[in-house]
Peer 1: 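Structure incoming, see below.
Chain letters run A, B, ... following the sequence lines, proteins first and then strands; every chain starts at 1. This is a predicted model, so every value here is computed, not measured.
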Amino acid sequence: MKIKKIVLPESEMPRQWYNIQADLPTPLEPTLNPATNEPVVPEDLTSVFPMPLIEQDTSQERWIDIPEKVLEKYLIWRPSPLYRAYNLEKYLDTPAKIYFKNEGVSPAGSHKPNTAVPQAYYNKISGTKKIYTETGAGQWGSALAFCCAMFDMECKVFMVRISFDHKPYRRIMMETWGATCVASPSSETNAGRAILANDPNCPGSLGMAISEAIECAVNEEDAKYSLGSVLNHVMLHQTINGLECQKQMKITGDYPDVMIGCSGGGSNFAGMILPFVRDKINGKDIDIIGVEPASCPTMTRGPFAYDFGDTAGMTPLLPMHTLGRNFVPEAIHAGGLRYHGMSPIISQLLVNNIIRAESIQQLETFEAGITFAKTEGFISAPEANHAIALTIREALKAKEEGKEKVILVNWSGHGLVDMAAYDSYLRGNLSNHSLEDDKIQKALEDLAPLPKPKQSIK
Amino acid sequence: MNMKPEKIIPPEDEFVIRCPRLGHQISFSYCLHESGKLPCFKILDCWHNYFQVEKYLKETLTTEEWENTFFAPGQPKILTLIDLIQQAKNSKKGKYK
């Protein structure tokens with residue numbers, strides 16, 4: 001019988017996180033505080049984050065010990081299994097070997113607790129009694145609620161009103177773990193009250209929810225705020241995934257030629273790839289691809305140019321403002337890897353051409369998710385379907401080329417509370433209509449005479 | 001419902017697509033006012049497959065609204081947090097805007 005899944009014994013779970021900042025070819029420049037024009041200092045953030053997390057955000061130490069109490073909580077679901085997708089390979093009739101890392105086995109059903117556990121822990125040892133956060137559909141909110149429960153801490157989640165009303169299951173999950181979940185905008189904060197005064201029926205937004213969470217964290221004693229993506233310490237915590245993958249791949253005797261993950265804020269993608277990025281920096285040949293949730297086809301079909309938001313050129317990628325305003329604004333092409341909500345680390349790796357980006361249309365992602373469910377059994381979170389869709393593309397490419405490529409994909413979570421999205425697909429309510437080539441070419445012609453950005457993405 | 005990109009009129013609220021930021025299905029009307037009175041900065045990216053959203057917005061937004069939506073400079077998350085911290089401190093002092 002062939003081995004289907006590679007399960008590390010608990011004794012083999014990594015004891016340290018890997019910090020890519022020690023190995024980045026181009027170090028991250030400190031972010032400048034526009035009020036002072038000086039680099040952001042820890043004191044700027046101590047009202048919302050405990051000091052250990054602030055220190056991790058800028059640490060240059062390559063390896064950071066995982067506290068014993070965090071390891072204990074990780075053991076609830078870690079090490080997570082690595083699967084060989086034999087059935088998908090057979091279905092695709094591909095010579096490629098497809099491995100997927102199942103991060104959906106956590107209690108919250110996604111990779112998010114990889115950072116929620118240490119964030120709750122570091123808050124606990126720093127004297128925090130209550131953690132505030134914001135959430136949309138609730139993936140992050142439920143992860144933090146679970147982890148606060150593990151450390152006997154209070155958790156309050158401002159959930160965007162439209163999500164609160166339409167996505168009850170994750171709200172109920174949060175409440176089951178003992179968290180308080182309120183619809184944002186709420187009457188509990190000055191920010192929320194100001195919004196409601198203008199529009200009592202406001203459906204909310206992530207921007208409003210984060211304002212409320214920060215206001216509470218700043219103004220309440222022994223309270224802090226927690227963020228589930230983007231920041232460097234989040235990427236650090238997520239590396240336990242990739243470090244496990246390295247051990248598991250070693251057991252298989254294979255090494256990935258291609259690595260694929262979906263990139264929203266970057267944390268699930270970073271978690272799997274960063275330890276392998278170190279290998280790549282040291283000479284390994286790996287094609288590392290972040291898949292963007294949605295984007296305009298010009299981004300992947302043309303030499304779309306981007307610049308940085310600061311003169312030092314080191315902030316996360318931002319649109320270049322010299323592109324000309326007759327063109328569809330660049331910000332709107334800024335899918336996950338390219339907008340300011342993306343992790344600075346991932347942005348920097350993109351600039352350094354260590355990783356690259358692909359975008360896939362919504363319909364193809366659901367087609368892939370259905371194929372995956374029918375072959376491998378698991379129903380993916382819609383975000384994970386982006387990674388599966390590109391995996392299928394790469395596997396079929398390997399078939400065309402007759403190459404036995406090894407593909408490693410991050411399966412970041414299950415979709416069991418996302419069935420409405422599948423319902424839309426299955427009922428035929430989703431469609432794709434790509435822009436015509438001539439329209440894209442016209443847009444690219446407009447770009448030609450413009451100055452080239454300092455750094456551009458090919 | 002099978003929307004054509006040739007359409008200029010936005011789809012009704014019954015038609016929903018997945019929002020990559022919130023993580024669930026939403027209608028166009030939400031995206032149109034996601035940022036207070038302004039659209040979400042990703043609105044064109046998300047909706048361009050379903051109707052001529054760019055044309056629609058250019059016809060319905062003022063130049064200022066258009067520019068504030070799509071040309072407002074983004075900033076790193078850490079600076080957003082610092083801004084919000086300052087707002088929250090001001091809020092405590094009764095200076096909330």
Side-chain angles (χ1 to χ4, degrees), chain A residues 31 33-34 40 44-45 47-48 136-137 139 160 162-163 166-167 190-191 194 203 205-207 210-211 214-215 218-219 227 230-231 264 293-296 309 315-316 318 321 328-329 331-336 339-341 344 361-362 382-383 418 420-421 424 428-435, chain B residues 1-6 14-27 29-30 33-37 40-51 53-54 66-67 69-92 94 96-97:
Chain A
T31 306
N33 185 338
V40 171
D44 291 327
L45 298 167
S47 56
V48 290
Q139 195 180 65
V160 178
I162 192 170
S163 311
H166 291 100
K167 294 285 288 184
N190 287 331
S205 70
L206 282 172
I210 189 174
S211 296
I214 295 262
E215 184 182 320
V218 167
N219 294 327
L227 187 66
V230 181
L231 301 181
S295 73
C296 177
T315 58
L318 293 171
H321 290 272
V328 178
I332 58 98
H333 302 303
Y339 77 88
H340 53 271
Q361 300 292 337
Q362 191 168 220
E383 288 76 17
D418 290 296
S424 288
N429 289 347
L430 300 177
S431 61
N432 285 330
H433 297 282
S434 295
L435 294 180
Chain B
M1 189 172 180
N2 203 17
M3 299 302 300
K4 300 278 186 191
E6 290 75 21
E14 289 73 29
F15 184 77
V16 290
I17 64 171
R18 189 169 178 82
C19 169
R21 299 178 71 205
L22 290 176
H24 59 83
Q25 309 298 101
I26 51 170
S27 63
S29 63
Y30 175 79
H33 301 293
E34 189 270 347
S35 185
K37 292 179 179 174
C40 172
F41 72 96
K42 283 181 72 69
I43 191 169
L44 298 176
D45 192 20
C46 293
W47 285 97
H48 78 273
N49 276 335
Y50 303 100
F51 74 106
V53 59
E54 181 191 355
W66 173 269
E67 299 216 343
T69 301
F70 300 118
F71 288 97
Q75 65 176 2
K77 191 80 177 183
I78 208 85
L79 293 184
T80 301
L81 293 178
I82 289 172
D83 284 348
L84 291 173
I85 290 166
Q86 196 53 52
Q87 280 181 33
K89 286 176 178 171
N90 290 342
S91 161
K92 195 176 185 182
Y96 186 80
K97 286 188 231 176

Peer 1: Find out whether B/Leu84 and A/Val48 are in side-chain contact, i.e. whether some heavy atom of one side chain is under 4.5 Å from a heavy atom of the other.
Peer 2: no
Peer 1: For A/Gln362 and B/Asn49, which I'm curious about, is there any donor-acceptor pair between the side chains at under 3.5 Å?
Peer 2: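 Side-chain D/A pair, A/Gln362 to B/Asn49: absent.
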Peer 1: If you define the side chain from C-beta out and look only at heavy atoms, does anything of B/Ile78 sit under 4.5 Å from A/Leu45?
Peer 2: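 The answer is yes; the side chains approach within 4.5 Å.
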Peer 1: Measure distances from A/Ser163 to the heavy atoms of chain B and classify the residue's part below 4.5 Å as side chain, backbone, both or neither.
Peer 2: both
Peer 1: Rounded to the nearest 0.5 Å, what's the gap from CD on B/Gln25 to OG on A/Ser424? Could you check?
Peer 2: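 So the gap between those two atoms works out to 4.5 Å.
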Peer 1: First locate atom CG of B/Leu22, then atom CG of A/Leu206, and finally report the distance between them rounded to the nearest 0.5 Å.
Peer 2: 5.0 Å
Peer 1: Which residue out of B/Asp83, B/Ile82, B/Val16 racks up the most heavy-atom pairs below 4.5 Å with chain A?
Peer 2: B/Ile82
Peer 1: Heavy-atom distance under 4.5 Å between the side chains of A/Ile162 and B/His24, does that happen here?
Peer 2: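 Touching, per the 4.5 Å side-chain cut-off.
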Peer 1: Considering non-hydrogen atoms only, spot the tightest contact between B/Ile85 and A/Ser47 and give its length.
Peer 2: CG2-OG, 3.3 Å
Peer 1: If every non-hydrogen atom of B/Gly23 is compared with every non-hydrogen atom of A/Ala137, which pair is closest and at what distance?
Peer 2: O-CB, 3.4 Å
Peer 1: Would you please name every residue forming a side-chain hydrogen bond (donor to acceptor under 3.5 Å, both in side chains) with A/Asn33, sequence neighbours left out?
Peer 2: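 So A/Asn33 forms no side-chain hydrogen bond (donor to acceptor under 3.5 Å, both in side chains) with any residue.
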Peer 1: With only heavy atoms counted, which part of A/Asp44 is less than 4.5 Å from chain B, the side chain, the backbone, both or neither?
Peer 2: both
